[in-house]
There are 2 protein chains.
Amino acid sequence: MSMDAVFRALADPTRRQLLDSLHARNGQTLNALCEHMDMTRQAVTKHLAILEEANLVTTMRRGREKEHYLNPVPINEIAERWIGKFERHRLDALSDLKQRLEREEP
Amino acid sequence: MSMDAVFRALADPTRRQLLDSLHARNGQTLNALCEHMDMTRQAVTKHLAILEEANLVTTMRRGREKEHYLNPVPINEIAERWIGKFERHRLDALSDLKQRLEREEP
DNA sequence: TTGACATGCAACCAAATGGTTGCATATTAA
DNA sequence: TTAATATGCAACCATTTGGTTGCATGTCAA
């Protein structure tokens, strides 16, 4: 599980959409994931393979179906690379504040 | 500052190395950054332009030199996208534990 | 002012990337 | 067993990407 693979995997908008889809509903099969996508099944398969190689997605064979699960660990490691622990808490607080302000404004 | 630009920027190992370099010493000029890199100055310029467009790097003109600064905000937003707040604390604790264990082992 | 230094712009090229189509394999259900 | 369903593999193609070289511009210092 090289970090390089993780970053490369996250670079593509389709793959991020797949992660979003799994974040919303975990354990989806290939066909289920394909339904939201506007491309062939084979293209989606390739993207999932890249996500798997990056260890961002874990799979489980169940009969003739393949279930896909999101793995958040590598994403957390990204944040830890360039953000110090203290700075990170500060940024989280800032982002919370921003969200609260956005919610309160008309 | 689109998220897409951020992910695309982080996809390349050279650009991540540039971020590392700025994380180690902030405010470096183009030439300073070039010294660690094994490619032409023009190539580095292109990479920095992509990092700037992603708002991962901020620049300040000082005379004929251009200083480059790391901006951690977009990186924090990545982590917030796929990791819930509670889960994130758990992952941080886990990563801390792992580091401590690695340090203690021979 | 003039030469040296720091950066900017543009054309060009090889390789990687994201997509397609076509066919193969494996499992379930009738 | 057999037809339908779910996934896998491979060849092929257009576009993007990361790099180069060559030249232009702008600023500092002698």
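Here is how names work: the chains are called A, B, and so on, in the same order as the sequence lines, proteins then strands, and each is numbered from 1.
- Between the CD atom of B:Glu53 and the P atom of D:dT17 there is a distance of 11 Å, rounded to whole Å.
- Closest to the A:Thr14 side chain, of the nucleotides C:dG8, D:dG19, C:dG19, is C:dG19.
- One interatomic measurement links the two molecules: NE2 of A:His68 to P of D:dA6, which rounds to 14 Å at whole-angstrom precision.
- Heavy atoms only, all atoms of each residue included: A:Ala9 and A:Leu51 are closest at CB-CD2, 4.1 Å.
- By the side chain to side chain donor-acceptor pair (under 3.5 Å) test, B:Asn31 pairs with no residue at all, sequence neighbours left out.
- B:Ile50 places its CD1 atom 15 Å from the C1' atom of C:dC9, with the value rounded to the nearest Å.
- Among pairs with a residue in residues 64-73 of chain A, those fulfilling salt bridge (Lys or Arg N to Asp or Glu O under 4.0 Å) read A:Glu52-A:Lys66, A:Arg62-A:Glu67, at least two apart in sequence or across chains.
- A straight line from CD of B:Glu67 to C1' of C:dT7 spans 14 Å, rounded to a whole angstrom.
- Between A:Asn31 and D:dT5 there is no side-chain polar atom (N or O) within less than 4.0 angstrom of OP1 or OP2.
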Please tabulate, for the side chains in residues 32-42 of chain B, all donor-acceptor contacts under 3.5 angstrom to protein atoms that are two or more places apart in sequence or on a different chain.
{"residue": "B:Thr40", "atom": "OG1", "partner": "B:Ala43", "partner atom": "N", "Å": "3.4"}

Expected string for nucleotides 25-30 of chain C under the B/S/- scheme (protein heavy atoms, under 4.0 Å, primed atoms plus P, OP1, OP2 as sugar-phosphate) is --BB--
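- Closest approach of A:Ala54 and A:Ala5 over heavy atoms only: CB-O, 3.4 Å.
- Residues B:Ile75 and B:Val6 have side chains not in contact (no heavy-atom distance under 4.5 Å, counting atoms from C-beta outward).
- Contacts between residues 36-43 of chain B and DNA chain D, defined by a heavy-atom separation under 4.0 Å, are made by B:Met39, B:Thr40, B:Gln42, B:Ala43.
- Looking at B:Arg15, its side chain does come within 3.5 Å of a backbone N or O of B:Arg8 through a donor-acceptor pair.
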B:Leu19/B:Val57 under side-chain contact (heavy atoms from CB on, under 4.5 Å): CA gap, chis, key distance, verdict: CA-CA 8 Å; B:Leu19 290 183; B:Val57 162; 3.8 Å; yes
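- The distance between atom CG of B:Leu33 and atom P of C:dG8, rounded to the nearest whole Å, is 12 Å.
- For B:Leu30 against B:His68, the heavy-atom pair with the smallest separation is N-CE1, 3.7 Å.
- Side-chain contact between A:Asn55 and A:Val73 is absent, with no heavy-atom pair separated by less than 4.5 Å.
- Closest approach of B:Leu10 to B:Arg16, counting heavy atoms only: O-NH1, 2.8 Å.
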Using a cutoff of under 3.5 Å, can you pull out all pairs of nitrogen or oxygen atoms linking the protein to nucleotides 11-17 of chain C, with atom names and distances?
{"residue": "C:dT17", "atom": "OP1", "partner": "A:Arg8", "partner atom": "NH1", "Å": "3.0"}

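- One atom, NE2 of B:His47, and another, C1' of C:dC9, lie 17 Å apart when rounded to the nearest Å.
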